[in-house]
2 protein chains.
Amino acid sequence: MTGAQRKTLQDIADAAGLSKAATSYALRGLRGSEATQARVRAIAEEFGYSADPIARALASGRSGNVAIVGSLRDLWRQGLAVMLSEALRAQELSSIIADVDGSPQREEEVLRSLAAQRVDGVIALPVDPSASYWADVPSQTRIVSIGDALTARPESESVLFDNEYGVGTALQHLADLGHRSVGLLAPSLPSTPGRPAELLAQSLGDSMGLTVTVSSSPSSVHGAAQAAAQLLVGDRRPTALFCLGDSIAFGAYRAARDLGLSVPGDLSILGFDDSELASLVSPELTTFGWDEQAIVDAAVGALTSPEGTGTAGGQMMFRPVFIARASTTRPSRPNAPSR
Amino acid sequence: MTGAQRKTLQDIADAAGLSKAATSYALRGLRGSEATQARVRAIAEEFGYSADPIARALASGRSGNVAIVGSLRDLWRQGLAVMLSEALRAQELSSIIADVDGSPQREEEVLRSLAAQRVDGVIALPVDPSASYWADVPSQTRIVSIGDALTARPESESVLFDNEYGVGTALQHLADLGHRSVGLLAPSLPSTPGRPAELLAQSLGDSMGLTVTVSSSPSSVHGAAQAAAQLLVGDRRPTALFCLGDSIAFGAYRAARDLGLSVPGDLSILGFDDSELASLVSPELTTFGWDEQAIVDAAVGALTSPEGTGTAGGQMMFRPVFIARASTTRPSRPNAPSR
DNA sequence: TGAATGATGTGAACCGGTTCACATCATCAG
DNA sequence: CTGATGATGTGAACCGGTTCACATCATTCA
């Protein structure tokens, strides 16, 4: 039905009375007089011409495909993946999304299979940022990693999260409220906004006079509920729980409910990653939010910035914003004994 | 670092002592003796050869790009988009994800821009399934739509949701519990699992002796809370709310809380789309779940099935499964007056 | 035996751009 | 006025496959 044949470069060249080569250069503004360029552009415009991305890809050697690889189980990352794909689309790039489901093996596998697909860029939300397989990706394929720098690939750029700030702010907030014993629930896999957070938390906590008990937890709500429950049964259970991820925090709510603890009365809960639902649960979750759009733009920008822009190995740091809501308060019994 | 040049078809041909043409045919099992095919395959295997998707695309005329277009605001669709992209990857297809943010104008715009991108398939989660612009997509581009059939493009396949069943089951459930007046909150835009649901609900409700009040609501939690609140202030407020989407249901929880209504005591709430958080909220949300993987597979299958598979205009219907949890119960005061 | 048939393989064109090496011409310095 | 320089434009090769039209050869049937 859509009658008109797609115009080709040759058509434009003919109309302009130029060679294919000259036309190609002119359209891209690489060569030719200003006048010629304008004329060619005008004709292209009139013809509704746009270069076939595939032919261009074949000739130029880049595919226009970017892979988004990593752990995409949780809602936050899932949203990020969609936003990334969108942002790439704006640059006329298509995306290949591969969730590796938290498994380094699958991550390695996916990376290998990507080689065949001729992607010319990878945005990673790495499951295992210290794995050596990252170095096996052909060096002309740029990698931008989000959340953690890839140790095996120092020349790749990364978008990092200012965990020190986040953890510091969180602990300070709890300390100010009068808490003395805080539980920290970190995702079991080392990848999350806040990986070295466990270590940080210990030392920062010390300096504030806080006892920080670290425990790891699955990212799923149910798994987190169990992990939280374990932390809450001890004789000297913490009066606050800092959860590195809202899903974990939701699990903590559930655990608290199951154990008959009121939030925030008996237990303060602090989340991370401000999900759409953080303000839905009752009490509304105090958490940290990110400027996701800025993160996405930074990642895509790093990937598409011209080759030599000297940002090799560059790192950008994003700082979470503290969002005080209702799930944290002063502890009812400063040093809660068992219940 | 990754030394070895990528092998080309010519390399394989040379090694096999055949022409490029014969090799190409053999590799795809289209021509040549069984013996030759096996030999060529073995060599390709040994060389670690895989055809360059770009060259293939240029020559064969299909790009290997599929666009996922539509309304992707809510978590359910966002998850679906990621799953779709994954499933496409398994077929060696890359994806272009475009969220049109609920706007038919943007939808039209995106579809037009897609023409330039040479996608060879579209998976639509249409904002406006009855819009005429769907017909403007080049007819050789296959479209599979999810949720609603595209009226302007009868030859395209669709994956539909059995709304009649869902709504019927929901209303029956509420009727059985003794409710007489039910509020229905449907997303404001006509696209959702359950678009003609409003109409259905009226007629089905009638036959069960239920009064169904229909109202539309934004998909965001906050917007839904407002919409729900409006439904709940009347003198003869409904004793149950059926929300077409869990996000809306969560909004309803919030509204109920704000109004001092207990759930399910004063108000039963029924959701749709079983999100991960449905079992987190308190009380746990009674809702309907989908077999998302089956839906995704069906859509991708329809898109990639060979041309002539006679499924043109085919429709597949998926039935939601009712998940009884704790947010619905018999009404405390069968015909609740105002509060 | 000879013609029709079908299976196997081949060279070359083609998809639609990009890029290289070179030709042409105007400009400018010496 | 001459030769070097740089800007503009050109033909052809190339990217790596697919596919068409045709050549070869072995079968099969009359």
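A note on names: the letters A, B, ... follow the listed sequences, proteins ahead of strands, and every chain is numbered from 1. Computed from heavy atoms alone, side chains included, the values below leave out hydrogens, waters and symmetry copies. Predicted model only: the values in this text are computed from it and were never measured.
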Tell me whether the side-chain N/O atoms of [X] come closer than 4.0 Å to OP1 or OP2 in [N].
X       : N      : answer
A:Ser24 : C:dG17 : no
A:Arg31 : D:dG9  : no
B:Arg6  : D:dG16 : no

Residues of residues 35-61 of chain B with any non-hydrogen atom less than 4.0 angstrom from an atom of DNA chain C: list those, numerically ordered, please.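 Here the set is B:Thr36, B:Leu58, B:Ala59.
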
Bending between helix ends of the helix from C:dT1-D:dA30 to C:dG30-D:dC1 [5 pairs per end, 10° resolution]: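 Between the axes fitted at each end of the helix from C:dT1-D:dA30 to C:dG30-D:dC1 lies an angle of 40°.
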
Yes or no on side chain to side chain contact (heavy atoms under 4.5 Å, CB included) for A:Thr23 and A:Ile43, after CA distance, side-chain angles and deciding distance? CA-CA 11 Å; A:Thr23 311; A:Ile43 296 178; over 6 Å; no

Give the nucleotide from the list C:dG9, C:dT19, D:dT10 with an atom nearest to the side chain of A:Arg28. C:dT19

Between C:dT19, D:dG17, C:dG17, spot the one nearest the side chain of A:Thr8, thanks. C:dG17

Let me know, please, whether A:Gln10 or B:Ser33 comes out on the 5' side of the other along DNA chain C by nearest nucleotide.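 The residue whose closest nucleotide sits nearer the 5' end is B:Ser33.
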
Side-chain donor/acceptor of [X] to backbone N/O of [Y], under 3.5 Å:
X        : Y        : value
B:Glu108 : B:Tyr133 : no
A:Arg118 : B:Asp52  : no
A:Gln37  : A:Arg31  : yes
A:Asp120 : A:Ser63  : yes

Checking side-chain polar atoms at under 3.5 Å, does B:Ser24 have a donor or acceptor matched by the opposite partner on B:Arg28?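 A donor-acceptor contact under 3.5 Å links the two side chains.
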
For the base of C:dG17, is there a side-chain donor-acceptor partner from A:Lys20 under 3.5 Å away? yes

Side-chain heavy-atom pair B:Ser50, B:Arg6 within 4.5 angstrom cut-off: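 B:Ser50 reaches B:Arg6 side chain to side chain.
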
Calculate the interatomic distance between [X] atom [atom1] and [N] atom [atom2]; express it in whole Å.
X        : N      : atom1 : atom2 : result
B:Tyr25  : D:dC20 : OH    : P     : 7 Å
A:Gln117 : D:dG16 : CD    : P     : 17 Å
A:Arg118 : D:dG16 : CZ    : P     : 6 Å
B:Leu9   : C:dC15 : CG    : P     : 19 Å
A:Arg62  : C:dT19 : CZ    : P     : 7 Å

Apply side chain to side chain contact (heavy atoms under 4.5 Å, CB included) to A:Leu80 and A:Glu292, showing your working. CA-CA 7 Å; A:Leu80 215 57; A:Glu292 281 92 355; 3.9 Å; yes

Value rounded to 0.5 Å, distance of CD in A:Glu155 from CZ in A:Arg153: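 Reported to 0.5 Å precision, the distance equals 5.0 Å.
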
